[in-house]
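One-based numbering along the sequence shown.
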Amino acid sequence: MTSVITADIIGSRQQSEHWVNNLKKILAPLGNTPSQWEIYRGDEFQIEVINPEDALLTAILIKAQLRAIKSDARMSIGFGDKTHNAERISESNGSAFIHSGELFETLKKQKVTLALRTGSTDFDEKFNLMLQLALTFMDSWLVQSAEFVALAIENPTLSQEELGQKLGINQAAVSRRQKRAQFDLVMNLDRYFRTQIKQLTAP
């Protein structure tokens, strides 16, 4: 079982040329290109997240990093198998890729920026409803909130004080950003997702 994120940058034509380099910097820590991630057709990209339990937090991290540079992406996460392992991820295949690709095609019409498909209708319906509720605030993260979320996800063991040192702000300001970003809710959603996907993927 693996997971695949298929995505595109929202409004890429309205943005300056720099977004491509910024996106490469965001994706670089997630593995090797083009086998694990690849940018193609100008503003689309695909990433394989080998541990399905990490897929949601990876997508949220990418969203936060993009919102921190005043950008955003539409992302579909597909779960399933990988039956063909090509040198380029865009040429690999399997149910994870099919679920991700088919769902991605529907996101624009649904006006949704993040959704997932496992092939279990019950699971997908419930979880996509939760995601839509979470997107009511994630889609409007401002730069400061998004920067905090990205840093906190990347440094899960740091205290508010230590995060503040990295951001150049005091602990009270960190606490305010954490509240504004609804970060505790995001992490609760991720924890719940991990327990549910584990049950779904258990042999």
Side-chain angles (χ1 to χ4, degrees), residues 1-12 14-15 23 26-27 30 43-49 51-80 95-150 152-154 156 177-201:
M1 178 99 173
T2 189
S3 58
V4 176
I5 299 171
T6 305
D8 70 346
I9 297 291
I10 297 168
S12 59
Q14 282 80 52
Q15 294 177 42
L23 182 59
I26 290 167
L27 299 179
L30 302 176
D43 63 355
E44 292 187 16
F45 58 98
Q46 203 164 42
I47 311 145
E48 180 180 9
V49 183
N51 180 2
E53 289 173 39
D54 293 334
L56 179 61
L57 199 60
T58 300
I60 292 170
L61 174 61
I62 292 166
K63 183 177 193 68
Q65 288 170 322
L66 286 169
R67 297 233 25 121
I69 54 168
K70 298 183 177 175
S71 185
D72 207 341
R74 248 181 302 267
M75 290 179 273
S76 65
I77 315 172
F79 297 85
S95 59
F97 293 83
I98 293 162
H99 286 153
S100 184
E102 286 178 352
L103 178 60
F104 178 69
E105 295 304 322
T106 70
L107 291 186
K108 238 183 212 170
K109 266 191 227 126
Q110 292 177 27
K111 292 192 168 69
V112 170
T113 60
L114 179 61
L116 57 78
R117 182 176 290 176
T118 62
S120 160
T121 312
D122 191 40
F123 180 95
D124 294 353
E125 268 182 25
K126 275 184 199 158
F127 216 88
N128 282 322
L129 182 59
M130 288 182 209
L131 278 179
Q132 280 179 35
L133 290 167
L135 288 168
T136 57
F137 60 84
M138 292 200 296
D139 278 345
S140 50
W141 276 335
L142 297 175
V143 171
Q144 287 185 340
S145 292
E147 279 175 350
F148 166 78
V149 171
I153 289 174
E154 287 175 321
R177 285 190 195 185
Q178 186 164 335
K179 278 201 186 91
R180 209 175 297 135
Q182 304 263 24
F183 185 67
D184 293 356
L185 201 53
V186 170
M187 296 316 288
N188 285 340
L189 182 68
D190 178 58
R191 270 192 291 276
Y192 179 69
F193 166 77
R194 286 172 187 272
T195 62
Q196 297 304 302
I197 202 79
K198 200 182 267 179
Q199 288 172 19
L200 196 71
T201 59

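Checked against side chain to side chain contact (heavy atoms under 4.5 Å, CB included), T106 has the following partners two or more places apart in sequence or in another chain: L103, Q110. Applying the salt bridge (Lys or Arg N to Asp or Glu O under 4.0 Å) criterion to D122, with sequence neighbours excluded, gives K126. Qualifying side chain to side chain contact (heavy atoms under 4.5 Å, CB included) partners for L200, counting only residues two or more places apart in sequence or in other chains: T118, S120, F123, I197. Not counting sequence neighbours, the partners of Q132 by the side chain to side chain contact (heavy atoms under 4.5 Å, CB included) test are V112. Contacts of R194 classified as side-chain hydrogen bond (donor to acceptor under 3.5 Å, both in side chains), with partners at least two apart in sequence or in another chain: D54, D190. In this view, Q196 satisfies the side-chain hydrogen bond (donor to acceptor under 3.5 Å, both in side chains) rule with no residue, not counting sequence neighbours.
Side-chain contact between W141 and V186 is present, with heavy atoms from C-beta onward closer than 4.5 Å. At least one side-chain heavy atom of L135 sits less than 4.5 Å from a side-chain heavy atom of M138. No side-chain heavy atom of V49 sits less than 4.5 Å from a side-chain heavy atom of I77. R180 is not listed as a side-chain neighbour of F137, based on a closest heavy-atom distance of 4.5 Å or more. No side-chain heavy atom of I9 sits less than 4.5 Å from a side-chain heavy atom of R74. You'll find the side chain of I153 reaches within 4.5 Å of the side chain of L57, heavy atoms only. The shortest side-chain heavy-atom distance between L66 and I10 does not fall under the 4.5 Å cut-off. Side-chain contact between K70 and V143 is present, with heavy atoms from C-beta onward closer than 4.5 Å.
Closest approach of A68 and E147 over heavy atoms only: CB-CG, 3.7 Å. Closest of all the heavy-atom pairs between A73 and K63 is O-NZ, 4.3 Å. When all heavy atoms of L131 and A115 are compared, the closest pair comes out as CD1-CA, 4.0 Å. Annotation for A150 and A64: closest pair N-CB, 3.9 Å, computed over non-hydrogen atoms. Looking at every heavy atom in both residues, L116 comes nearest to F79 through CB-CE1, 3.9 Å. Between F183 and A152, the shortest heavy-atom contact is CZ-CB, 3.5 Å.
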query = Under the side-chain contact (heavy atoms from CB on, under 4.5 Å) criterion, do L30 and I62 qualify, and how do the steps go?
reply = CA-CA 10 Å; L30 302 176; I62 292 166; 4.0 Å; yes
inquiry  = Go through it in stages, so that I can follow the logic: the residues are F127 and Y192, the test is side-chain contact (heavy atoms from CB on, under 4.5 Å), and I'd like the CA-CA distance, side-chain angles, deciding distance and then a yes or no.
reply    = CA-CA 10 Å; F127 216 88; Y192 179 69; 3.7 Å; yes
task = For side-chain contact (heavy atoms from CB on, under 4.5 Å), just list the numbers for I47 and V4, CA-CA rounded to whole Å, side-chain angles, deciding distance to a tenth of an Å, and then say yes or no.
result = CA-CA 6 Å; I47 311 145; V4 176; over 6 Å; no
task = Would you please test M130 and F193 for side-chain contact (heavy atoms from CB on, under 4.5 Å) and show each step?
result = CA-CA 10 Å; M130 288 182 209; F193 166 77; over 6 Å; no
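Interatomic distance, CG of L189 versus CG of D184, reported as 12.5 Å (0.5 Å rounding). Note: Q65 CD to I26 CD1 = 5.0 Å, rounded to the nearest 0.5 Å.
Inspection of the E48 and S3 side chains reveals no N or O donor paired with an N or O acceptor under 3.5 Å.
The backbone N or O of S76 lies less than 3.5 Å from no partner atom in the side chain of T6, so there is not a single donor-acceptor pair. Of the possible donor and acceptor atoms, one in the side chain of D124 sits under 3.5 Å from a partner among the backbone N and O of G119.
A salt bridge does not link R67 with D139: every distance from a Lys NZ or Arg NE/NH1/NH2 to an Asp or Glu carboxylate oxygen is 4.0 Å or more.
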